[in-house]
Amino acid sequence: MSPSSPRHPSIPLINAPGQFSYESGVTVTHIEPGLARGVLEVGENSFNPNGQVHGGALVTLADTVAGCCACSAGGSCVTANCSVEFLRPALGPRIVCTATPKKMGRSLSVIQTELVSEDGRLVAAGTYTFFMYFPKEEDSSP
């Protein structure tokens, strides 16, 4: 995000201590309509028994950032489906995720993710489908 870009109002909530993504080492760094970015700071609890970043840590990063992209123009969402391709081992110390829409809908949104290691190599790619919901307008009638 450039220094002049406004900070999206969802970022402080998503990055707050106690949130699953925060406790998993994920920080959302940028949200604007149709784009979201975040980073996984690989910690001592991020590894599988082979010394590579655990696939679940990568999915947590991608799901969090994809959800931010799905809701970037308003509304709320929950994950309906996801598919992730693990392309090469992720070793850390940081994995960056970028999420962009394939379809932004009123009921369903489909978001694609790319996860890149610090050396610039694509380590995983995913497609996430979100069920979208919007708060009902409060009835103002007497």
Side-chain angles (χ1 to χ4, degrees), residues 1-140:
M1 177 177 349
S2 72
S4 63
S5 296
R7 194 164 164 88
H8 192 278
S10 297
I11 289 177
L13 173 63
I14 295 162
N15 291 340
Q19 294 292 319
F20 180 77
S21 54
Y22 174 88
E23 300 299 334
S24 300
V26 171
T27 302
V28 175
T29 59
H30 183 86
I31 303 172
E32 66 180 69
L35 175 68
R37 288 193 186 95
V39 63
L40 169 66
E41 297 290 346
V42 176
E44 62 185 37
N45 296 325
S46 301
F47 295 100
N48 66 22
N50 297 323
Q52 300 161 347
V53 177
H54 194 284
L58 298 175
V59 170
T60 296
L61 170 62
D63 185 51
T64 300
V65 176
C68 290
C69 182
C71 297
S72 63
S76 296
C77 67
V78 294
T79 308
N81 189 30
C82 72
S83 172
V84 178
E85 299 166 330
F86 300 101
L87 303 172
R88 60 181 44 89
L91 304 173
R94 301 176 90 228
I95 308 297
V96 175
C97 177
T98 301
T100 56
K102 286 183 165 184
K103 174 193 185 291
M104 296 285 272
R106 190 141 177 87
S107 298
L108 291 175
S109 290
V110 180
I111 309 297
Q112 57 191 17
T113 61
E114 289 190 345
L115 287 77
V116 178
S117 61
E118 262 197 350
D119 64 3
R121 296 181 66 164
L122 184 66
V123 297
T127 302
Y128 285 76
T129 302
F130 293 93
F131 173 73
M132 304 300 298
Y133 57 99
F134 297 83
K136 291 184 179 181
E137 298 291 327
E138 296 214 36
D139 188 0
S140 59

Look up atom [atom1] in [X] and atom [atom2] in [Y], then write down how far apart they are to the nearest 0.5 Å.
X	Y	atom1	atom2	result
Ile11	Thr27	CD1	OG1	10.5 Å
Cys69	Leu35	SG	CG	6.5 Å
Ile111	Cys82	CD1	SG	13.0 Å

Any pair counted as salt bridge (charged side-chain N to carboxylate O under 4.0 Å, His left out), so long as it reaches [range], sequence neighbours left out:
range	result
residues 77-101	Glu41-Arg94
residues 13-35	none
residues 113-133	none

Nearest atoms (heavy-atom pairs only) where [X] meets [Y]:
X	Y	answer
Cys97	Leu61	CB-CG, 3.6 Å
Phe130	Gly67	CZ-N, 3.3 Å
Pro89	Val123	O-CG1, 3.8 Å
Val53	Ala57	CG1-CB, 4.0 Å

(request) Kindly say whether Arg37 contributes a backbone atom to a donor-acceptor pair with the side chain of Thr29 at under 3.5 angstrom? (result) yes

(request) Kindly say whether Val28 contributes a backbone atom to a donor-acceptor pair with the side chain of Asn15 at under 3.5 angstrom? (result)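 The answer is yes, because a donor-acceptor pair under 3.5 Å joins these two groups.
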
Heavy-atom side-chain contact between [X] and [Y] under 4.5 Å:
X	Y	value
Ile14	Ser21	yes
Leu122	Val116	yes
Leu13	Gln19	yes
Phe20	Val26	no

(message) I'd like to check the side chain to side chain contact (heavy atoms under 4.5 Å, CB included) partners of Ala124; sequence neighbours left out, ordered by chain and number.
(response)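 Applying side chain to side chain contact (heavy atoms under 4.5 Å, CB included) to Ala124 gives Val84, Phe86, Leu115.
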
(message) Run the side chain to side chain contact (heavy atoms under 4.5 Å, CB included) test against Cys71 and tell me which residues pass, sequence neighbours left out.
(response)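 Counting only residues at least two positions away or on another chain, Cys71 forms a side chain to side chain contact (heavy atoms under 4.5 Å, CB included) with Cys77, Met132.
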
(request) Show your reasoning for whether side-chain contact (heavy atoms from CB on, under 4.5 Å) applies to Thr113 and Val65. (result) CA-CA 8 Å; Thr113 61; Val65 176; 5.7 Å; no

Using distance only, find each side-chain donor-acceptor pair of residues 100-108 under 3.5 Å and give its atom names and separation, not counting sequence neighbours.
residue, atom, partner, partner atom, Å
Thr100, OG1, Gln112, NE2, 3.2
Lys103, NZ, Leu108, O, 3.2

(request) Kindly state each residue pair satisfying side chain to side chain donor-acceptor pair (under 3.5 Å) with at least one member in residues 125-134, sequence neighbours excluded. (result) none

(message) Does anything in residues 51-79 form a side chain to side chain donor-acceptor pair (under 3.5 Å)? List the pairs, not counting sequence neighbours.
(response)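 Non-adjacent pairs meeting side chain to side chain donor-acceptor pair (under 3.5 Å): Asp63-Thr79.
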
(message) Please determine whether the number of non-hydrogen atoms from other residues, nucleotides or ligands lying under 6.0 Å from atom CZ of Phe47 exceeds 12.
(response)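 Correct, the count exceeds 12.
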
